[in-house]
Protein chains: 2
Amino acid sequence: MTAVPPDSGTLGAPASARDRFDRMHALLRTRICLLDYAPGTRLSEEALAAEFGTSRTPLRRVLARLEGEGLVHSVHGVGTFVTDVEVEELAQTYRLRLELAELTGRLDPVPPDAALWGAFRDLSARAHGFGPDPDPRAFAELIMDFFVALMRLTANEPLREICERLYFRTTRIWLKSVFARRLDLVEEVDVFRREVDDILRALRIGDLASAALIQRAHISMSFERMRKGVSTTNSAL
Amino acid sequence: MTAVPPDSGTLGAPASARDRFDRMHALLRTRICLLDYAPGTRLSEEALAAEFGTSRTPLRRVLARLEGEGLVHSVHGVGTFVTDVEVEELAQTYRLRLELAELTGRLDPVPPDAALWGAFRDLSARAHGFGPDPDPRAFAELIMDFFVALMRLTANEPLREICERLYFRTTRIWLKSVFARRLDLVEEVDVFRREVDDILRALRIGDLASAALIQRAHISMSFERMRKGVSTTNSAL
DNA sequence: TCAGATATAGATGTGCACAACAACGCAATA
DNA sequence: TATTGCGTTGTTGTGCACATCTATATCTGA
């Protein structure tokens with residue numbers, strides 16, 4: 001036998017330090033955005049390090065990154081906490097996201113390749129596969145996957161990076177509003193199905209700018225529904 | 001005497017961990033953007049830690065942040081290197097910066113307060129204070145300070161953060177072009193003086209949108225001069 | 001009973017020693 | 001002479017013990 005490098009597992013990836021970092025980062029980000037860790041939750045460095053089978057040192061690097069992205073906040077001697085999100089505070093971020101969404105259709109748009117078409121078909125099937133009583137978390141995950149897929153329609157790397165950064169910072173407010181009954185989940189599912197269908201229709205005729213405008217409109221309307229949800233709740237008290 | 005907290009120095013700041021981090025981060029970022037560390041330079045963690053009087057651990061945190069901002073790149077077992085910048089690669093980033101500059105005049109613009117007016121007066125004085133043979137580094141520092149001051153004209157925090165992020169990632173190419181004689185420094189100084197004067201004129205009549213458009217135009221023209229500088233050099237060979 | 005100082009517990013931040021890894025040089029060999 | 005293998009060296013990544021800091025509970029005295 002020739003010398004075989006220490007492959008830790010079934011196949012392929014030698015699991016480099018960077019890969020571990022990316023995996024931990026993506027997983028924690030997903031948990032925060034899907035409210036597995038509610039805003040205000042304290043994240044124990046020791047517990048997370050034990051879960052990932054490492055020491056605190058690499059994990060702290062991940063938390064530092066998440067702090068730079070505005071998802072957690074560390075205080076010396078107290079703890080690391082998931083940041084909170086409020087509708088009114090996010091108004092600035094949403095206005096910016098509107099403009100950036102439109103830019104994805106104007107700056108370096110690229111038509112979908114075969115792989116991306118396949119991804120869109122799967123996403124559409126998932127969107128239409130939800131029953132009358134959908135699981136909010138699973139649906140939020142679908143929305144997230146759809147957003148990431150849409151980002152592949154622009155070749156402008158910095159724009160993509162910024163859009164995703166802002167998305168992950170704001171998306172929790174939607175799921176939070178659903179749980180707080182300020183949004184009607186069934187209506188949200190219906191609206192999302194129409195958004196997917198409309199955007200795919202625009203993409204099929206190669207009109208990426210219109211696809212971006214449709215996305216922009218839905219981001220705007222989604223935010224307005226959340227704001228109205230707040231005032232409705234208030235006036236109903 | 002009542003108990004006095006252990007003040008480490010002359011006055012005020014107790015120099016918390018976060019303050020140290022911010023200072024190290026800002027200083028290294030400035031050095032990279034002002035080409036004190038040329039692209040490709042290897043940054044020694046040990047040497048930098050010694051310079052700041054700490055161990056590698058806090059310094060590594062700073063380097064990790066800089067890597068997230070695209071200013072350095074670490075490779076296990078090799079070193080941490082200042083990233084390189086090429087005019088053609090930055091085309092996407094510049095197109096994005098154009099759009100974002102315009103947004104600063106449309107999204108949450110705020111007129112200058114007394115302090116900001118004072119800052120602008122100082123900046124204008126510095127701009128007109130350069131002689132016939134200006135120091136490129138000092139002039140680049142002035143441009144940087146002016147940009148940061150302009151960012152105070154929008155109250156949209158996420159927009160400000162993103163604009164600065166992209167600025168620090170692209171600004172080195174200007175100074176690099178000056179050193180490579182692809183840009184004429186005297187002409188650049190003249191152009192910058194006009195930019196400052198024009199923007200301040202727009203601000204005095206309260207037209208922040210026009211100020212942003214002027215800035216946008218100058219970013220665009222600056223990039224074009226750099227591109228032309230490349231082709232001119234090439235055709236002159 | 002209440003105000004304030006103090007001890008305690010538990011968290012993040014830091015320093016140091018070592019592991020993992022990559023580049024280089026050098027020598028042995030076909 | 002070209003090439004392959006290996007040891008050396010220097011770097012980043014990791015683990016662990018300890019320092020530093022904050023919030024809470026407890027004790028003390030009026």
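In what follows, every chain begins at residue 1, and chains take the letters A, B, ... in the order their sequences are listed.
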Asker: Just checking A:D133: does its CG atom have more than 12 heavy atoms from other residues, nucleotides or ligands closer to it than 6.0 angstrom?
Answerer: no
Asker: Tell me whether the OP1 or OP2 atom of D:dT12 has a side-chain N or O from A:R18 closer than 4.0 Å.
Answerer: no
Asker: Is any side-chain N or O of B:T57 closer than 4.0 Å to OP1 or OP2 of C:dC16?
Answerer: no
Asker: Where does the angle between the aromatic ring planes of B:F192 and B:F146 fall among parallel (under 30°), tilted (30 to 60°) and perpendicular (over 60°)?
Answerer: perpendicular
Asker: Measure the distance from CG on A:L63 to C1' on C:dA11 and round it to the nearest whole Å.
Answerer: 13 Å
Asker: Does OP1 or OP2 of D:dT12 have a side-chain N or O of B:R60 closer than 4.0 Å?
Answerer: no
Asker: Any Lys/Arg nitrogen of B:D184 or B:R225 sitting under 4.0 Å from an Asp/Glu carboxylate oxygen of the other?
Answerer: no
Asker: Identify the heavy atoms of B:A101 and B:Q215 that sit nearest to each other, and give their distance.
Answerer: CB-OE1, 4.2 Å
Asker: When the distance from CZ of B:F52 to P of C:dT14 is rounded to whole Å, what number comes out?
Answerer: 14 Å
Asker: Search all heavy atoms of B:V85 against all heavy atoms of B:I173 and return the closest pair with its distance.
Answerer: O-CD1, 3.7 Å
Asker: Report the nucleotide, chosen from D:dG13, C:dG13, D:dT22, that has the shortest atom-to-atom distance to any side-chain atom of A:V78.
Answerer: D:dT22
Asker: Using heavy atoms and a sub-4.0 Å distance, could you list which residues of residues 35-48 of chain B are near DNA chain D? By number, please.
Answerer: B:R42, B:L43, B:E45
Asker: Report the residue (B:G77 or A:S74) whose heavy-atom-nearest nucleotide on DNA chain C is the more 5′ of the two.
Answerer: A:S74
Asker: Tell me which of A:A17 and A:V75 sits closer to the 5' end of DNA chain D, going by the nucleotide each one is nearest to.
Answerer: A:A17
Asker: In this structure, are over 12 heavy atoms from other groups packed under 6.0 Å from A:E46 atom CD?
Answerer: no
Asker: Taking OP1 and OP2 of D:dG15, is either one under 4.0 Å from a side-chain nitrogen or oxygen of A:S55?
Answerer: yes
Asker: Considering only side-chain heavy atoms of B:H76, which listed nucleotide, C:dA20, D:dT14, C:dG15, is closest?
Answerer: C:dA20
Asker: According to a strict under-4.0 Å criterion, is A:T80 in side-chain N/O contact with OP1 or OP2 of C:dT12?
Answerer: yes
Asker: Between D:dT12 and B:R56, is there an OP1 or OP2 to side-chain N/O distance shorter than 4.0 Å?
Answerer: no
Asker: Could I get the full list of side chain to side chain donor-acceptor pair (under 3.5 Å) partners for B:T54, not counting sequence neighbours?
Answerer: none
Asker: What's the CZ-P distance between B:F81 and C:dA23, to the nearest Å?
Answerer: 9 Å
Asker: From CG of A:D19 over to P of D:dT14, roughly how many Å is that when rounded to an integer?
Answerer: 12 Å
Asker: Once you round it to whole Å, what is the distance between P of D:dC16 and CG of A:L59?
Answerer: 14 Å
